[in-house]
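Just below is one structure, and these are the notes that go with it.
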Amino acid sequence: MGNGLDKKIQPIYDSVIARNPAEREFHQAVKEVLESLGPVLKKHPEFAEHKIIERICEPERQIIFRIPWTTDKGEDMINRGFRVQFNSALGPYKGGLRFHPTVYLGIIKFLGFEQIFKNALTGMPIGGAKGGSDFDPKGRSEAEVMRFCQSLMTELHRHIGEHTDVPAGDIGVGGREIGYMYGQYKRLSNRWEAGVLTGKGLAWGGSLVRTEATGYGAAFFVDEMLKVRGDSFDGKVCTVSGSGNVAIYTIEKIHQLGGKCIACSDSGGVILHEKGLDLDLIKQLKEVERRRIKDYTDYHKDAVYKEGGNIWDIPCQVAMPSATENELHGRHAKTLVKHGCIAVGEGANMPTTPKGAEVFLNAKIAYGPGKAANAGGVATSALEMQQNAMRDAWSFEDTEVKLHRIMKNIHKLCYETAEEYGSPGNYVVGANIAGFIKVARAMLAHGVI
Ligand code: GLU
């Protein structure tokens, strides 16, 4: 990180930029991984000889399609759908679908690229993919969301399957959307194929803990980083950006582990509640009523809503960015460090800009990058696939124990790999190298394909 690219790797990166013009987030995600790989090529010349890095940067398949649907008022609408099936060396393509107006190919490719290494780190048999649409669910009725999901699946169904590609949720896609998409897949394929999607409802093939998994996993990862430093969550003041699924269950686990979360946010502003956030209220507002976070102050007069405020200006000891990519910039990182922040765990994908990450690494605080810290979500999706394959359903406790074990293993793997490659304490390097090596070995074994 920050060391620039190895001279063998620079031309590979140059070619990624030339071949994928104007995909800024994809370039950023590729650069961040490639910056870690110099020492790997020195130890493993066979990876360079067989062009593993060049191959990994080129998706195996990219699908772009039209999604036509009709509003409640009868207006015809056209959105664009994507599924980038990036790498299947370790298992069927796996990764979420994102519905957000900012979605374009560059976003899906950055997410799909990250997913390859994240999924490898889980130790589960899953390849990397991502998909979604520029559809904006905000303000849409249930019926509109249903018709949109059905139209998307009318095209997507021919490209997915339990042994081919297994989508799930991401921003804008939760249990409701997975339900509509599963229904349409079942209808078109005439199959009860539970393993084709994850994040399903509990009555029809879903797994306990999947809803909580990304947030719980991220908190478990930070807990491990703190333990290595002889510390814990106990009594720590924490802030968590976002107020969606990841943020909510990050806050829940922080509280269970003895920390106190005082702030969260949405795109409109920040809620600060010094005595600790009322999570039941946040769940009611966001999960049940689909309201904005500013309504929190209607119920707690001692809480403050900062319209347009930035959560990283609030002093904390542990910060967990759990909203979206590039939400934490260099200046925010500097403010956090100045305020005495000792640990950062990324619940979102690539929430910290390269400058921000550099600040954290230089300050030598515990910094857990998303592809390691937020891998608990997709890992629990793989647990859901296991239960589907054996037509079984595990208890909450058993499933959470498995998630916890997976997060501990990911932490250990990243920690040890960083040491082995001469960057002790650097989880960015550890995650990139450990994830890359797993995929690279499998690709070598499979030949030039
Ligand atoms: N979208 C989540 C992620 O970024 C979960 C993907 C999944 O469960 O397949 O990892």
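Counting convention: from 1, in listed order, for ligands and their atoms alike.
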Ligand-residue contact atoms, ligand 1 with A168, heavy atoms, under 4.0 Å: 7 (C), 8 (O), 9 (O)
Ligand 1 contact on E114 by region, counting heavy-atom pairs under 4.0 Å: neither
Proximity to ligand 1 by part of N374, non-hydrogen separation under 4.0 Å: neither
At what distance is the nearest protein heavy atom to [atom], and which residue and atom is it?
| atom | result |
| --- | --- |
| atom 8 (O) of ligand 1 | S381 OG, 2.6 Å |
| atom 10 (O) of ligand 1 | K118 NZ, 2.8 Å |
| atom 5 (C) of ligand 1 | R210 NH2, 3.4 Å |
| atom 6 (C) of ligand 1 | G96 N, 3.6 Å |
| atom 9 (O) of ligand 1 | K94 NZ, 2.7 Å |

Salt bridge (charged side-chain N to carboxylate O under 4.0 Å, His left out) evaluation trace for R158 with E155: CA-CA 7 Å; R158 69 187 91 253; E155 174 58 33; 3.4 Å; yes
Backbone or side-chain N or O of G169 under 3.5 Å from ligand 1 N or O: yes
Electrostatic pair K283:E252 at N-O distance under 4.0 angstrom: yes
Lys/Arg N to Asp/Glu carboxylate O, R98 vs E325, below 4.0 Å: yes
Gap between atom CD of E327 and atom CD1 of I311 - 0.5 Å precision: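 The CD1 atom of I311 sits 8.5 Å away from the CD atom of E327.
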Ring center gap for Y180 and F148 short of 6.0 angstrom: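 So the answer is no for these two rings.
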Q115 versus Y93, side-chain donor and acceptor atoms under 3.5 Å: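 Not at all, the side chains of Y93 and Q115 share no donor-acceptor pair under 3.5 Å.
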Passing option when R83 is tested against I64, L152, L97 for side chain to side chain contact (heavy atoms under 4.5 Å, CB included):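 That would be L97.
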